[in-house]
Amino acid sequence: MAPPPAPQTMKERILQTADKLFYLQGIRAIGVDTIAAEIGISKRTLYNHFPSKDALIAAYLERRFVAQRPSDKPPAEQILATFDSLERRFAAKDFRGCPFVNAVAELGPSDRAVKKIAIAFKESRRVWFRDRLTELGVADADALATQLVLLVDGSIAQDLVRDDPAMARAAKEAAKVLLRNAGVDVGDDAKPVKDKRPPQ
């Protein structure tokens with residue numbers, strides 16, 4: 001029998017509460033008073049763990065910065081599964097878009113700390129696509145990776161406007177076209193297409 005989970009520390013409780021409120025209601029709309037009240041602690045206790053709201057915002061975004069899990073599935077299958085995952089996320093009642101884009105939109109590009117974290121996250125996703133494409137032998141993996149992240153972000157924006165999870169499916173079909181054009185077989189095996197050029 002597995003041991004019971006360790007109780008949350010106060011810092012974890014503050015961060016978890018801030019995460020929920022910032023994401024669902026907006027960073028500007030939620031003050032530290034609201035977060036403290038939600039937990040049932042004083043502002044002083046909150047500030048003992050996070051010296052400012054800016055520090056709490058940074059911690060919230062860093063908490064959302066989750067690396068893609070390693071997978072044994074074929075690279076193209078992993079790429080296309082990204083869009084399946086998005087469709088499931090879009091269908092959730094608590095989906096409010098990309099927290100990093102939301103933070104930059106709310107706080108403005110002049111908030112360098114937030115923008116730095118957002119850029120790092122977006123670049124990590126692009127590099128993940130690039131690495132999978134490199135495994136597939138795609139010639140210009142860097143450019144195609146950029147196109148794929150644009151499909152991801154575009155589908156998120158469309159879903160927020162239309163409230164339609166099918167936007168992820170449309171993005172997946174567009175991704176298949178891009179992959180095919182790059183010489184990737186997007187069938188069940190999701191393997192690179194063999195070079196069909198005639199022998200020299």
Name all residues meeting the ring-ring contact (aromatic ring centres under 6.0 Å, His included) criterion together with [X]; count only those two or more places apart in sequence or in a different chain, and write none if there are none.
| X | value |
| --- | --- |
| Phe100 | Phe121 |
| Phe83 | none |
| Phe129 | none |
| Phe50 | none |

Using every non-hydrogen atom in the two residues, find where [X] and [Y] come nearest and quote the distance to one decimal.
| X | Y | value |
| --- | --- | --- |
| Ala141 | Leu133 | O-CD1, 3.5 Å |
| Ala175 | Leu148 | CB-CD2, 3.7 Å |
| Leu151 | Ala171 | CD1-O, 3.7 Å |
| Val104 | Ala118 | CG2-CB, 3.7 Å |
| Ala182 | Leu144 | CB-CD2, 3.7 Å |
| Asn102 | Gly97 | ND2-C, 4.0 Å |

Residues two or more places apart in sequence or in another chain: which of them pass salt bridge (charged side-chain N to carboxylate O under 4.0 Å, His left out) with [X]?
| X | answer |
| --- | --- |
| Arg88 | none |
| Arg130 | Asp142 |
| Glu173 | Lys176 |
| Asp84 | Lys172 |

Is it the case that one hydrophobic cluster holds both [X] and [Y], taking links as side-chain heavy atoms less than 4.5 Å apart, direct or via other members?
| X | Y | answer |
| --- | --- | --- |
| Leu86 | Phe65 | yes |
| Leu150 | Ile119 | no |
| Ile117 | Val101 | no |
| Val127 | Leu179 | no |

Tell me, which pairs form a salt bridge (Lys or Arg N to Asp or Glu O under 4.0 Å) where one or both residues lie in [range], sequence neighbours left out?
| range | value |
| --- | --- |
| residues 94-120 | Arg89-Asp94 |
| residues 41-52 | Asp33-Lys43 |
| residues 14-25 | Asp19-Arg63, Asp19-Arg64, Lys20-Glu38 |

Roughly how far apart are [X] [atom1] and [Y] [atom2], rounded to 0.5 Å?
| X | Y | atom1 | atom2 | answer |
| --- | --- | --- | --- | --- |
| Ile27 | Leu61 | CD1 | CG | 5.5 Å |
| Phe90 | Leu160 | CZ | CG | 7.5 Å |
| Asp163 | Phe95 | CG | CZ | 10.5 Å |
| Gln16 | Leu21 | CD | CG | 10.5 Å |
| Gln68 | Asp131 | CD | CG | 11.0 Å |
| Leu107 | Ile57 | CG | CD1 | 5.5 Å |

- Ile79 and Val186: side-chain contact (heavy atoms from CB on, under 4.5 Å), yes or no, with the steps? CA-CA 10 Å; Ile79 290 169; Val186 293; over 6 Å; no

Using atom types as modelled and distance alone, determine if a side-chain donor or acceptor of [X] lies under 3.5 Å from a backbone N or O of [Y].
| X | Y | answer |
| --- | --- | --- |
| Thr17 | Arg13 | yes |
| Gln78 | Lys73 | yes |
| Glu12 | Thr9 | yes |

- Task: Using a 4.5 Å cut-off on heavy atoms from C-beta on, say whether the side chain of Ile35 contacts that of Leu56.
- Result: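 Result yes, sub-4.5 Å side-chain heavy-atom pair found.
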
- Under a 4.5 Å cut-off applied to non-hydrogen side-chain atoms, are Asp54 and Val114 in contact?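 When only atoms from C-beta onward are counted, Val114 and Asp54 do not touch, as no gap falls below 4.5 Å.
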
- Message: Test: side chain to side chain donor-acceptor pair (under 3.5 Å). Region: residues 150-162. Which pairs qualify, not counting sequence neighbours?
- Response: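 Listed once each, the pairs are Lys122-Asp153, Gln158-Arg162.
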
- Do Thr45 and Ser42 have side-chain N/O donor and acceptor atoms under 3.5 Å apart?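 Yes, Ser42 and Thr45 have a side-chain donor paired with an acceptor closer than 3.5 Å.
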
- Tell me, yes or no, whether the heavy-atom count around Asn48 atom CG, taken from other residues, nucleotides or ligands under 6.0 Å, exceeds 12.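 Yes, CG of Asn48 has more than 12 neighbouring heavy atoms, counting only those of other groups under 6.0 Å.
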
